[in-house]
Number of protein chains: 2
Amino acid sequence: MTEVNERRERARADRAAFPDGGSLSGAQVLDAALALIDREGMDALSMRKLADSLGVYPATIYWHVGNKNQLIAKVCQRVFDSIELAEVGDVPWTAWIRQLATSARTVMGRHPSLAAGFTSTIQVSASSLTLADRLMQVLEGAGFRGERLVMVYNTVLGTIFGWISAEFATELANSDSDWTAEYAAALNEASDEELPAIRRNLLLVANRVFMLRWTSGRTTPMEGSFDFMVETMIAGLERMLERDDRPL
Amino acid sequence: MTEVNERRERARADRAAFPDGGSLSGAQVLDAALALIDREGMDALSMRKLADSLGVYPATIYWHVGNKNQLIAKVCQRVFDSIELAEVGDVPWTAWIRQLATSARTVMGRHPSLAAGFTSTIQVSASSLTLADRLMQVLEGAGFRGERLVMVYNTVLGTIFGWISAEFATELANSDSDWTAEYAAALNEASDEELPAIRRNLLLVANRVFMLRWTSGRTTPMEGSFDFMVETMIAGLERMLERDDRPL
DNA sequence: ACCTGAACACCGTTCAAGT
DNA sequence: ACCTGAACACCGTTCAAGT
(Lines give C-alpha, C1' and ligand atoms only; values in the text may rest on other atoms or scores of the structure.)
Protein backbone atom coordinates (compact mmCIF):
# COMPACT_ATOMS: atom_id res chain seq x y z
CA MET A 1 0.00 0.00 0.00
CA THR A 2 2.82 2.41 0.74
CA GLU A 3 4.44 0.73 -2.21
CA VAL A 4 1.59 1.89 -4.41
CA ASN A 5 1.89 5.39 -3.02
CA GLU A 6 5.58 5.44 -3.81
CA ARG A 7 4.94 4.39 -7.37
CA ARG A 8 2.28 7.04 -7.66
CA GLU A 9 4.64 9.67 -6.34
CA ARG A 10 7.32 8.73 -8.81
CA ALA A 11 4.83 8.77 -11.70
CA ARG A 12 3.53 12.11 -10.52
CA ALA A 13 7.06 13.50 -10.54
CA ASP A 14 7.53 12.24 -14.10
CA ARG A 15 4.31 13.88 -15.03
CA ALA A 16 5.40 17.23 -13.55
CA ALA A 17 8.29 17.24 -16.00
CA PHE A 18 5.87 17.45 -18.92
CA PRO A 19 5.67 20.70 -20.92
CA ASP A 20 2.37 21.85 -19.53
CA GLY A 21 3.45 21.25 -15.98
CA GLY A 22 1.66 18.09 -15.05
CA SER A 23 -1.88 18.34 -16.33
CA LEU A 24 -2.94 15.07 -17.87
CA SER A 25 -4.15 14.89 -21.46
CA GLY A 26 -6.49 12.32 -22.95
CA ALA A 27 -3.74 11.21 -25.32
CA GLN A 28 -1.41 10.50 -22.40
CA VAL A 29 -4.03 8.26 -20.84
CA LEU A 30 -4.44 6.32 -24.08
CA ASP A 31 -0.69 5.96 -24.51
CA ALA A 32 -0.31 4.66 -20.98
CA ALA A 33 -3.18 2.23 -21.48
CA LEU A 34 -1.66 0.86 -24.69
CA ALA A 35 1.72 0.52 -23.00
CA LEU A 36 0.12 -1.38 -20.14
CA ILE A 37 -1.73 -3.67 -22.55
CA ASP A 38 1.43 -4.38 -24.53
CA ARG A 39 3.42 -5.01 -21.37
CA GLU A 40 1.05 -7.16 -19.35
CA GLY A 41 -1.74 -8.19 -21.71
CA MET A 42 -5.37 -7.28 -22.05
CA ASP A 43 -6.52 -9.17 -18.98
CA ALA A 44 -4.09 -7.24 -16.81
CA LEU A 45 -5.49 -3.88 -17.85
CA SER A 46 -7.40 -2.32 -14.99
CA MET A 47 -8.49 1.25 -14.40
CA ARG A 48 -6.68 1.20 -11.08
CA LYS A 49 -3.37 -0.05 -12.45
CA LEU A 50 -3.62 2.45 -15.26
CA ALA A 51 -4.26 5.25 -12.78
CA ASP A 52 -1.27 4.11 -10.74
CA SER A 53 1.00 4.12 -13.76
CA LEU A 54 -0.01 7.73 -14.35
CA GLY A 55 0.38 8.80 -10.74
CA VAL A 56 -3.27 9.58 -10.39
CA TYR A 57 -6.48 8.38 -8.74
CA PRO A 58 -8.81 6.01 -10.66
CA ALA A 59 -11.56 8.60 -10.89
CA THR A 60 -9.25 10.81 -12.93
CA ILE A 61 -9.24 8.24 -15.73
CA TYR A 62 -13.01 8.41 -15.84
CA TRP A 63 -12.89 12.15 -16.22
CA HIS A 64 -10.63 11.82 -19.26
CA VAL A 65 -11.92 8.84 -21.20
CA GLY A 66 -15.25 7.76 -19.75
CA ASN A 67 -15.49 4.13 -18.74
CA LYS A 68 -13.36 1.10 -19.46
CA ASN A 69 -15.16 0.08 -22.64
CA GLN A 70 -14.70 3.53 -24.09
CA LEU A 71 -11.07 3.50 -23.07
CA ILE A 72 -10.45 0.27 -24.95
CA ALA A 73 -12.40 1.49 -27.97
CA LYS A 74 -10.30 4.64 -28.10
CA VAL A 75 -7.04 2.73 -27.78
CA CYS A 76 -8.08 0.46 -30.65
CA GLN A 77 -8.98 3.53 -32.64
CA ARG A 78 -5.55 4.98 -32.08
CA VAL A 79 -3.87 1.83 -33.33
CA PHE A 80 -6.27 1.48 -36.21
CA ASP A 81 -5.48 5.02 -37.34
CA SER A 82 -1.94 4.05 -38.20
CA ILE A 83 -2.97 1.60 -40.91
CA GLU A 84 -1.65 3.00 -44.15
CA LEU A 85 -3.71 2.95 -47.33
CA ALA A 86 -2.47 3.46 -50.86
CA GLU A 87 -4.00 6.34 -52.80
CA VAL A 88 -7.03 5.22 -54.74
CA GLY A 89 -6.16 5.09 -58.43
CA ASP A 90 -2.41 5.00 -57.87
CA VAL A 91 -2.32 1.21 -58.04
CA PRO A 92 -4.50 -1.59 -59.42
CA TRP A 93 -7.27 -2.78 -57.10
CA THR A 94 -5.42 -6.00 -56.38
CA ALA A 95 -2.35 -4.11 -55.19
CA TRP A 96 -4.51 -1.78 -53.11
CA ILE A 97 -6.02 -4.73 -51.23
CA ARG A 98 -2.58 -6.29 -50.76
CA GLN A 99 -1.36 -3.04 -49.24
CA LEU A 100 -4.37 -2.84 -46.92
CA ALA A 101 -3.82 -6.41 -45.78
CA THR A 102 -0.12 -6.18 -45.04
CA SER A 103 -0.39 -2.79 -43.36
CA ALA A 104 -3.27 -3.94 -41.17
CA ARG A 105 -1.39 -7.05 -40.12
CA THR A 106 1.82 -5.12 -39.42
CA VAL A 107 0.02 -2.53 -37.31
CA MET A 108 -2.03 -5.05 -35.33
CA GLY A 109 0.99 -7.31 -34.91
CA ARG A 110 2.70 -4.59 -32.93
CA HIS A 111 -0.06 -4.91 -30.36
CA PRO A 112 -1.03 -8.57 -30.34
CA SER A 113 -2.97 -8.41 -27.08
CA LEU A 114 -5.19 -5.79 -28.62
CA ALA A 115 -5.44 -7.57 -31.98
CA ALA A 116 -7.16 -10.58 -30.47
CA GLY A 117 -10.29 -8.69 -29.53
CA PHE A 118 -9.95 -6.05 -32.15
CA THR A 119 -12.95 -7.03 -34.25
CA SER A 120 -15.20 -6.45 -31.24
CA THR A 121 -13.95 -2.97 -30.82
CA ILE A 122 -13.99 -1.21 -34.12
CA GLN A 123 -15.66 2.10 -33.54
CA VAL A 124 -16.98 4.64 -35.95
CA SER A 125 -14.42 7.35 -36.54
CA ALA A 126 -12.99 9.51 -39.23
CA SER A 127 -10.36 6.97 -40.19
CA SER A 128 -12.59 3.89 -40.13
CA LEU A 129 -15.11 5.66 -42.33
CA THR A 130 -12.28 6.68 -44.60
CA LEU A 131 -11.03 3.11 -44.88
CA ALA A 132 -14.54 1.89 -45.65
CA ASP A 133 -15.03 4.54 -48.31
CA ARG A 134 -11.68 3.98 -50.00
CA LEU A 135 -12.17 0.24 -50.13
CA MET A 136 -15.58 0.76 -51.68
CA GLN A 137 -14.13 3.10 -54.27
CA VAL A 138 -11.46 0.58 -55.14
CA LEU A 139 -13.96 -2.24 -55.51
CA GLU A 140 -16.27 -0.12 -57.63
CA GLY A 141 -13.26 0.64 -59.78
CA ALA A 142 -12.67 -3.07 -60.17
CA GLY A 143 -16.19 -3.46 -61.48
CA PHE A 144 -18.20 -4.66 -58.50
CA ARG A 145 -21.64 -3.12 -58.10
CA GLY A 146 -24.76 -3.42 -55.95
CA GLU A 147 -25.28 -6.56 -53.91
CA ARG A 148 -22.06 -7.99 -55.32
CA LEU A 149 -20.18 -4.95 -54.02
CA VAL A 150 -21.53 -5.57 -50.52
CA MET A 151 -20.41 -9.17 -50.54
CA VAL A 152 -16.95 -8.46 -51.90
CA TYR A 153 -16.42 -5.63 -49.43
CA ASN A 154 -17.36 -7.92 -46.55
CA THR A 155 -15.20 -10.70 -47.91
CA VAL A 156 -12.14 -8.45 -47.99
CA LEU A 157 -12.58 -6.97 -44.51
CA GLY A 158 -13.92 -10.13 -42.89
CA THR A 159 -11.05 -12.31 -44.03
CA ILE A 160 -8.30 -9.79 -43.33
CA PHE A 161 -9.38 -8.62 -39.88
CA GLY A 162 -10.85 -11.95 -38.92
CA TRP A 163 -7.61 -13.73 -39.72
CA ILE A 164 -5.50 -11.23 -37.84
CA SER A 165 -7.55 -11.59 -34.68
CA ALA A 166 -7.36 -15.37 -34.96
CA GLU A 167 -3.61 -15.31 -35.53
CA PHE A 168 -2.81 -13.18 -32.50
CA ALA A 169 -5.35 -14.67 -30.13
CA THR A 170 -3.91 -16.30 -27.03
CA GLU A 171 -5.04 -19.64 -25.93
CA LEU A 172 -6.89 -19.20 -22.65
CA ALA A 173 -5.86 -22.54 -21.31
CA ASN A 174 -2.30 -21.38 -21.81
CA SER A 175 -2.46 -19.72 -18.41
CA ASP A 176 -2.13 -23.18 -16.96
CA SER A 177 1.19 -24.73 -16.29
CA ASP A 178 1.83 -27.82 -18.34
CA TRP A 179 -0.46 -26.97 -21.23
CA THR A 180 2.35 -27.24 -23.76
CA ALA A 181 3.46 -30.62 -22.51
CA GLU A 182 -0.12 -31.86 -22.56
CA TYR A 183 -0.56 -30.63 -26.10
CA ALA A 184 2.63 -32.17 -27.38
CA ALA A 185 1.67 -35.43 -25.71
CA ALA A 186 -1.75 -35.42 -27.36
CA LEU A 187 -0.12 -34.79 -30.72
CA ASN A 188 2.43 -37.51 -30.29
CA GLU A 189 -0.22 -39.99 -29.24
CA ALA A 190 -1.84 -39.40 -32.60
CA SER A 191 -2.20 -42.87 -33.95
CA ASP A 192 -1.94 -43.85 -37.58
CA GLU A 193 -5.52 -45.07 -37.60
CA GLU A 194 -7.20 -42.17 -35.83
CA LEU A 195 -5.20 -39.19 -37.05
CA PRO A 196 -3.28 -40.34 -40.10
CA ALA A 197 -2.90 -36.98 -41.83
CA ILE A 198 -1.53 -35.29 -38.71
CA ARG A 199 0.81 -38.21 -38.21
CA ARG A 200 2.09 -37.97 -41.79
CA ASN A 201 2.71 -34.23 -41.53
CA LEU A 202 3.61 -33.91 -37.89
CA LEU A 203 6.89 -32.03 -38.26
CA LEU A 204 5.40 -29.80 -40.91
CA VAL A 205 2.37 -28.68 -38.94
CA ALA A 206 3.29 -28.91 -35.25
CA ASN A 207 2.82 -25.45 -33.70
CA ARG A 208 2.49 -23.93 -37.16
CA VAL A 209 -1.18 -24.27 -38.07
CA PHE A 210 -4.49 -23.29 -36.46
CA MET A 211 -5.69 -25.73 -33.81
CA LEU A 212 -2.37 -27.51 -33.74
CA ARG A 213 -0.26 -24.76 -32.19
CA TRP A 214 0.43 -24.05 -28.55
CA THR A 215 1.85 -20.59 -28.94
CA SER A 216 -0.03 -17.73 -30.52
CA GLY A 217 0.94 -15.46 -33.40
CA ARG A 218 2.82 -13.30 -30.92
CA THR A 219 5.67 -15.74 -30.69
CA THR A 220 5.08 -17.74 -33.86
CA PRO A 221 3.85 -15.52 -36.68
CA MET A 222 2.09 -16.99 -39.68
CA GLU A 223 3.13 -14.47 -42.25
CA GLY A 224 3.55 -16.94 -45.08
CA SER A 225 0.07 -18.32 -44.65
CA PHE A 226 -1.41 -14.85 -44.32
CA ASP A 227 0.13 -13.72 -47.59
CA PHE A 228 -1.07 -16.89 -49.26
CA MET A 229 -4.57 -16.30 -47.92
CA VAL A 230 -4.61 -12.78 -49.35
CA GLU A 231 -3.43 -14.04 -52.74
CA THR A 232 -6.05 -16.76 -52.68
CA MET A 233 -8.79 -14.28 -51.91
CA ILE A 234 -7.64 -11.96 -54.69
CA ALA A 235 -7.43 -14.83 -57.16
CA GLY A 236 -10.93 -15.85 -56.13
CA LEU A 237 -12.24 -12.34 -56.60
CA GLU A 238 -10.68 -12.17 -60.07
CA ARG A 239 -12.48 -15.34 -61.00
CA MET A 240 -15.73 -13.96 -59.60
CA LEU A 241 -15.23 -10.90 -61.76
CA GLU A 242 -14.82 -13.07 -64.87
CA ARG A 243 -17.97 -15.01 -64.07
CA ASP A 244 -19.79 -11.74 -63.51
CA ASP A 245 -18.76 -10.48 -66.94
CA ARG A 246 -20.64 -13.22 -68.69
CA PRO A 247 -24.33 -12.60 -69.24
CA LEU A 248 -26.26 -14.29 -66.45
CA MET B 1 -29.00 -11.17 0.13
CA THR B 2 -31.98 -13.17 1.32
CA GLU B 3 -33.04 -12.83 -2.28
CA VAL B 4 -29.92 -14.64 -3.36
CA ASN B 5 -30.55 -17.31 -0.75
CA GLU B 6 -34.07 -17.81 -2.00
CA ARG B 7 -32.86 -18.22 -5.55
CA ARG B 8 -30.26 -20.66 -4.34
CA GLU B 9 -32.88 -22.63 -2.44
CA ARG B 10 -35.12 -22.84 -5.46
CA ALA B 11 -32.24 -23.98 -7.68
CA ARG B 12 -31.22 -26.49 -5.08
CA ALA B 13 -34.76 -27.88 -5.09
CA ASP B 14 -34.63 -28.19 -8.87
CA ARG B 15 -31.34 -29.93 -8.54
CA ALA B 16 -32.75 -32.43 -6.03
CA ALA B 17 -35.23 -33.55 -8.67
CA PHE B 18 -32.40 -34.82 -10.87
CA PRO B 19 -32.01 -38.58 -11.35
CA ASP B 20 -28.97 -38.96 -9.10
CA GLY B 21 -30.59 -37.03 -6.32
CA GLY B 22 -28.86 -33.68 -6.46
CA SER B 23 -25.18 -34.31 -6.98
CA LEU B 24 -23.80 -31.89 -9.54
CA SER B 25 -22.06 -33.13 -12.65
CA GLY B 26 -19.44 -31.31 -14.69
CA ALA B 27 -21.76 -31.36 -17.69
CA GLN B 28 -24.49 -29.60 -15.70
CA VAL B 29 -22.07 -26.83 -14.80
CA LEU B 30 -21.10 -26.35 -18.43
CA ASP B 31 -24.73 -26.33 -19.56
CA ALA B 32 -25.61 -23.73 -16.95
CA ALA B 33 -22.62 -21.61 -17.97
CA LEU B 34 -23.58 -21.72 -21.62
CA ALA B 35 -27.18 -20.84 -20.78
CA LEU B 36 -25.98 -17.89 -18.72
CA ILE B 37 -23.71 -16.72 -21.52
CA ASP B 38 -26.49 -16.98 -24.09
CA ARG B 39 -28.92 -15.19 -21.81
CA GLU B 40 -26.81 -12.31 -20.50
CA GLY B 41 -23.69 -12.24 -22.60
CA MET B 42 -20.05 -13.10 -22.00
CA ASP B 43 -19.32 -10.09 -19.80
CA ALA B 44 -22.13 -11.03 -17.45
CA LEU B 45 -20.68 -14.48 -16.80
CA SER B 46 -19.29 -14.69 -13.31
CA MET B 47 -18.41 -17.66 -11.16
CA ARG B 48 -20.73 -16.34 -8.45
CA LYS B 49 -23.75 -15.88 -10.72
CA LEU B 50 -23.14 -19.29 -12.19
CA ALA B 51 -22.98 -20.80 -8.73
CA ASP B 52 -26.21 -19.04 -7.80
CA SER B 53 -27.98 -20.36 -10.86
CA LEU B 54 -27.00 -23.85 -9.78
CA GLY B 55 -27.98 -23.39 -6.15
CA VAL B 56 -24.44 -23.85 -4.98
CA TYR B 57 -21.49 -21.97 -3.47
CA PRO B 58 -18.84 -20.50 -5.82
CA ALA B 59 -16.16 -22.86 -4.55
CA THR B 60 -18.20 -25.78 -5.85
CA ILE B 61 -17.69 -24.56 -9.41
CA TYR B 62 -13.96 -24.65 -8.85
CA TRP B 63 -14.15 -28.20 -7.71
CA HIS B 64 -15.91 -29.23 -10.93
CA VAL B 65 -14.25 -27.24 -13.69
CA GLY B 66 -11.14 -25.55 -12.34
CA ASN B 67 -10.95 -21.81 -12.83
CA LYS B 68 -12.86 -19.41 -15.04
CA ASN B 69 -10.55 -19.70 -18.04
CA GLN B 70 -10.88 -23.46 -18.01
CA LEU B 71 -14.64 -23.14 -17.67
CA ILE B 72 -14.84 -20.98 -20.77
CA ALA B 73 -12.51 -23.25 -22.69
CA LYS B 74 -14.65 -26.25 -21.84
CA VAL B 75 -17.85 -24.50 -22.82
CA CYS B 76 -16.30 -23.57 -26.17
CA GLN B 77 -15.21 -27.15 -26.57
CA ARG B 78 -18.75 -28.36 -26.03
CA VAL B 79 -20.11 -26.04 -28.70
CA PHE B 80 -17.26 -26.82 -31.05
CA ASP B 81 -17.99 -30.52 -30.75
CA SER B 82 -21.35 -30.12 -32.45
CA ILE B 83 -19.80 -28.95 -35.73
CA GLU B 84 -20.66 -31.60 -38.29
CA LEU B 85 -18.14 -32.78 -40.85
CA ALA B 86 -18.84 -34.71 -44.02
CA GLU B 87 -17.14 -38.09 -44.36
CA VAL B 88 -13.79 -37.76 -46.08
CA GLY B 89 -14.08 -39.16 -49.59
CA ASP B 90 -17.85 -38.99 -49.69
CA VAL B 91 -17.79 -35.60 -51.40
CA PRO B 92 -15.32 -33.53 -53.45
CA TRP B 93 -12.91 -31.42 -51.42
CA THR B 94 -14.75 -28.24 -52.36
CA ALA B 95 -18.03 -29.57 -51.00
CA TRP B 96 -16.30 -30.79 -47.85
CA ILE B 97 -15.00 -27.28 -47.13
CA ARG B 98 -18.41 -25.77 -47.85
CA GLN B 99 -19.96 -28.17 -45.36
CA LEU B 100 -17.36 -27.30 -42.72
CA ALA B 101 -17.95 -23.60 -43.23
CA THR B 102 -21.72 -23.63 -43.04
CA SER B 103 -21.83 -26.04 -40.13
CA ALA B 104 -19.29 -24.00 -38.18
CA ARG B 105 -21.20 -20.79 -38.77
CA THR B 106 -24.53 -22.37 -37.85
CA VAL B 107 -23.17 -23.81 -34.64
CA MET B 108 -21.38 -20.64 -33.56
CA GLY B 109 -24.34 -18.50 -34.57
CA ARG B 110 -26.43 -20.25 -31.95
CA HIS B 111 -24.09 -18.80 -29.33
CA PRO B 112 -23.01 -15.41 -30.65
CA SER B 113 -21.61 -14.18 -27.35
CA LEU B 114 -19.28 -17.13 -27.34
CA ALA B 115 -18.42 -16.86 -31.03
CA ALA B 116 -16.88 -13.43 -30.65
CA GLY B 117 -13.98 -14.67 -28.55
CA PHE B 118 -14.00 -18.16 -29.87
CA THR B 119 -10.68 -18.03 -31.71
CA SER B 120 -8.95 -17.26 -28.42
CA THR B 121 -10.35 -20.31 -26.82
CA ILE B 122 -9.88 -23.28 -29.08
CA GLN B 123 -8.45 -26.00 -26.94
CA VAL B 124 -6.86 -29.23 -27.84
CA SER B 125 -9.38 -32.03 -27.70
CA ALA B 126 -10.44 -35.15 -29.47
CA SER B 127 -12.80 -33.32 -31.77
CA SER B 128 -10.52 -30.41 -32.62
CA LEU B 129 -7.74 -32.84 -33.48
CA THR B 130 -10.22 -34.80 -35.56
CA LEU B 131 -11.30 -31.70 -37.45
CA ALA B 132 -7.68 -30.78 -38.11
CA ASP B 133 -6.87 -34.26 -39.34
CA ARG B 134 -9.89 -34.58 -41.61
CA LEU B 135 -9.26 -31.18 -43.17
CA MET B 136 -5.67 -32.17 -43.82
CA GLN B 137 -6.78 -35.42 -45.44
CA VAL B 138 -9.20 -33.55 -47.66
CA LEU B 139 -6.58 -31.05 -48.74
CA GLU B 140 -4.04 -33.76 -49.42
CA GLY B 141 -6.70 -35.45 -51.52
CA ALA B 142 -7.11 -32.21 -53.49
CA GLY B 143 -3.41 -32.28 -54.29
CA PHE B 144 -1.85 -29.91 -51.78
CA ARG B 145 1.44 -31.05 -50.26
CA GLY B 146 4.18 -29.78 -47.99
CA GLU B 147 4.47 -26.07 -47.34
CA ARG B 148 1.56 -25.47 -49.67
CA LEU B 149 -0.58 -27.77 -47.55
CA VAL B 150 0.25 -25.74 -44.45
CA MET B 151 -0.76 -22.48 -46.10
CA VAL B 152 -3.99 -23.81 -47.57
CA TYR B 153 -4.97 -25.38 -44.27
CA ASN B 154 -4.42 -22.09 -42.46
CA THR B 155 -6.27 -20.19 -45.15
CA VAL B 156 -9.34 -22.36 -44.78
CA LEU B 157 -9.49 -22.30 -40.99
CA GLY B 158 -8.31 -18.70 -40.60
CA THR B 159 -10.89 -17.28 -42.96
CA ILE B 160 -13.80 -19.38 -41.73
CA PHE B 161 -13.29 -19.00 -37.99
CA GLY B 162 -11.88 -15.50 -38.23
CA TRP B 163 -14.89 -14.32 -40.19
CA ILE B 164 -17.35 -15.91 -37.79
CA SER B 165 -15.82 -14.23 -34.78
CA ALA B 166 -15.84 -10.89 -36.61
CA GLU B 167 -19.44 -11.31 -37.68
CA PHE B 168 -20.77 -12.05 -34.20
CA ALA B 169 -18.60 -9.64 -32.27
CA THR B 170 -20.42 -6.94 -30.38
CA GLU B 171 -19.37 -3.39 -30.59
CA LEU B 172 -18.12 -2.39 -27.19
CA ALA B 173 -19.24 1.20 -27.52
CA ASN B 174 -22.71 -0.22 -28.01
CA SER B 175 -23.11 -0.29 -24.26
CA ASP B 176 -23.56 3.45 -24.43
CA SER B 177 -26.94 4.96 -24.97
CA ASP B 178 -27.08 6.99 -28.15
CA TRP B 179 -24.42 5.12 -30.05
CA THR B 180 -26.75 4.23 -32.88
CA ALA B 181 -27.93 7.79 -33.31
CA GLU B 182 -24.34 9.01 -33.29
CA TYR B 183 -23.42 6.46 -35.93
CA ALA B 184 -26.33 7.24 -38.18
CA ALA B 185 -25.51 10.93 -37.87
CA ALA B 186 -21.87 10.34 -38.82
CA LEU B 187 -22.99 8.35 -41.84
CA ASN B 188 -25.48 10.94 -42.94
CA GLU B 189 -22.94 13.70 -42.59
CA ALA B 190 -20.84 11.84 -45.12
CA SER B 191 -20.19 14.46 -47.70
CA ASP B 192 -19.86 13.84 -51.40
CA GLU B 193 -16.27 15.08 -51.38
CA GLU B 194 -14.98 13.21 -48.33
CA LEU B 195 -16.86 9.92 -48.52
CA PRO B 196 -18.24 9.66 -52.05
CA ALA B 197 -18.48 5.89 -52.27
CA ILE B 198 -20.35 5.56 -48.99
CA ARG B 199 -22.66 8.37 -50.08
CA ARG B 200 -23.36 6.64 -53.38
CA ASN B 201 -24.16 3.31 -51.75
CA LEU B 202 -25.62 4.46 -48.46
CA LEU B 203 -28.86 2.50 -48.55
CA LEU B 204 -27.03 -0.56 -49.80
CA VAL B 205 -24.37 -0.69 -47.10
CA ALA B 206 -25.85 1.00 -44.02
CA ASN B 207 -25.76 -1.50 -41.14
CA ARG B 208 -24.94 -4.29 -43.58
CA VAL B 209 -21.16 -4.24 -43.97
CA PHE B 210 -18.18 -4.38 -41.60
CA MET B 211 -17.31 -1.03 -40.04
CA LEU B 212 -20.56 0.51 -41.19
CA ARG B 213 -22.97 -1.41 -39.02
CA TRP B 214 -24.24 -0.59 -35.55
CA THR B 215 -25.69 -3.97 -34.73
CA SER B 216 -23.69 -7.15 -34.71
CA GLY B 217 -24.27 -10.42 -36.53
CA ARG B 218 -26.59 -11.45 -33.71
CA THR B 219 -29.36 -9.21 -34.94
CA THR B 220 -28.22 -8.67 -38.50
CA PRO B 221 -26.66 -11.80 -39.95
CA MET B 222 -24.38 -11.64 -42.95
CA GLU B 223 -25.08 -15.03 -44.40
CA GLY B 224 -24.99 -13.95 -48.03
CA SER B 225 -21.57 -12.39 -47.66
CA PHE B 226 -20.28 -15.39 -45.73
CA ASP B 227 -21.34 -17.80 -48.45
CA PHE B 228 -19.79 -15.55 -51.06
CA MET B 229 -16.57 -15.42 -49.08
CA VAL B 230 -16.42 -19.21 -48.92
CA GLU B 231 -17.03 -19.50 -52.67
CA THR B 232 -14.35 -16.89 -53.31
CA MET B 233 -11.86 -18.76 -51.19
CA ILE B 234 -12.63 -22.04 -52.91
CA ALA B 235 -12.37 -20.43 -56.35
CA GLY B 236 -9.03 -18.96 -55.31
CA LEU B 237 -7.78 -22.33 -54.09
CA GLU B 238 -8.79 -23.94 -57.38
CA ARG B 239 -6.78 -21.37 -59.25
CA MET B 240 -3.82 -21.96 -56.92
CA LEU B 241 -4.10 -25.65 -57.71
CA GLU B 242 -3.95 -24.95 -61.44
CA ARG B 243 -0.90 -22.75 -61.04
CA ASP B 244 0.67 -25.44 -58.95
CA ASP B 245 0.10 -28.03 -61.65
CA ARG B 246 2.29 -26.21 -64.07
CA PRO B 247 6.00 -26.89 -63.73
CA LEU B 248 7.46 -24.12 -61.57
C1' DA C 1 -16.06 -37.28 -3.42
C1' DC C 2 -18.52 -33.25 -3.00
C1' DC C 3 -19.90 -29.02 -0.83
C1' DT C 4 -20.15 -25.14 2.84
C1' DG C 5 -18.91 -20.82 4.87
C1' DA C 6 -15.90 -17.36 5.22
C1' DA C 7 -12.08 -14.85 3.99
C1' DC C 8 -8.54 -12.17 0.88
C1' DA C 9 -7.15 -9.20 -2.61
C1' DC C 10 -8.75 -7.02 -6.35
C1' DC C 11 -11.95 -4.75 -9.45
C1' DG C 12 -15.29 -0.88 -12.13
C1' DT C 13 -17.74 3.01 -11.04
C1' DT C 14 -19.74 7.00 -8.54
C1' DC C 15 -19.73 11.15 -5.93
C1' DA C 16 -19.04 14.85 -2.90
C1' DA C 17 -15.41 17.68 -2.08
C1' DG C 18 -11.41 20.16 -3.04
C1' DT C 19 -8.42 23.59 -6.10
C1' DA D 1 -11.38 22.24 -15.75
C1' DC D 2 -9.14 18.79 -13.35
C1' DC D 3 -8.23 15.86 -9.48
C1' DT D 4 -8.68 13.81 -4.55
C1' DG D 5 -10.36 10.64 -1.15
C1' DA D 6 -13.51 7.53 0.09
C1' DA D 7 -17.17 4.63 -0.59
C1' DC D 8 -20.31 0.81 -2.85
C1' DA D 9 -21.22 -3.36 -5.01
C1' DC D 10 -19.13 -6.86 -7.23
C1' DC D 11 -15.58 -10.06 -8.60
C1' DG D 12 -12.00 -14.55 -8.93
C1' DT D 13 -9.85 -17.57 -6.02
C1' DT D 14 -8.38 -20.15 -1.83
C1' DC D 15 -8.94 -22.92 2.20
C1' DA D 16 -10.21 -25.07 6.31
C1' DA D 17 -14.00 -27.45 7.65
C1' DG D 18 -17.88 -30.27 7.18
C1' DT D 19 -20.50 -34.74 5.39
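Since we're looking at a predicted model, the values are computed, not measured. First the proteins, then the strands, lettered A, B, ... as listed; each starts at 1.
Residue A/M47 is the one, among A/A59 and A/M47, whose nearest nucleotide of DNA chain C lies closer to the 5' end (criterion: closest heavy atom). The nearest heavy atom of DNA chain C to A/A44 and to B/T60 marks one nucleotide each, and the one closer to the 5' end goes with B/T60.
To the nearest angstrom, P of C/dG12 lies 12 Å from CG of B/D43. B/N67 has its CG atom 9 Å from the C1' atom of D/dT13, to the nearest Å. C/dC11 atom C1' lies 12 Å from atom CZ of B/R48, rounded to whole Å. Distance, A/L54 CG to D/dC3 P: 10 Å, rounded to whole Å. Here the P atom of nucleotide C/dC15 and the CD1 atom of A/I61 are 18 Å apart, to the nearest Å. One interatomic measurement links the two molecules: CD of B/Q28 to C1' of C/dC2, which rounds to 13 Å at whole-angstrom precision. As rounded to whole Å, 10 Å separates atom P of D/dC11 from atom CG of B/L36.
Closest to the side chain of B/P58, from the set C/dC11, D/dT13, D/dT4, is D/dT13. Picking from D/dT4, D/dA7, C/dC2 the nucleotide with the shortest atom distance to the side chain of B/W63 gives C/dC2. Listed nucleotides: D/dC11, D/dC3, D/dT14. Nearest to the side chain of B/S46: D/dC11.
Of all nucleotides present, only D/dT13 satisfies the Watson-Crick or G-U wobble test against C/dA7, with each distance under 3.5 Å. Nucleotide C/dA1 forms a pair with D/dT19, judged by Watson-Crick or G-U wobble geometry with both contacts under 3.5 Å.
Taking side-chain N and O atoms only, B/Y57 has no distance below 4.0 Å to OP1 or OP2 of C/dC3. Taking 4.0 angstrom as the limit, A/H64 places a side-chain polar atom (N or O) nearer than this to OP1 or OP2 of D/dC3. Between B/Y62 and the phosphate of D/dT13, there is a side-chain N or O to OP1/OP2 separation shorter than 4.0 Å.
If you check every strand for non-hydrogen atoms under 4.0 Å, B/L45 touches sugar and phosphate atoms only.
Nearest heavy-atom pair, B/V150 versus A/L204, reported as atom, atom and distance to 0.1 Å: CG2-CG, 3.7 Å. Among all heavy-atom pairs drawn from A/M136 and B/V205, the shortest one is SD-CG1, 4.0 Å.
The closest side-chain heavy-atom distance from B/L85 to B/Q99 is not below 4.5 Å.
Using a 30° and 60° split on the angle between ring planes, A/F80 and A/F118 fall in the parallel class, below 30°.
In the displayed structure, B/E84 atom CD is contacted under 6.0 Å by at most 12 heavy atoms of other residues, nucleotides or ligands.
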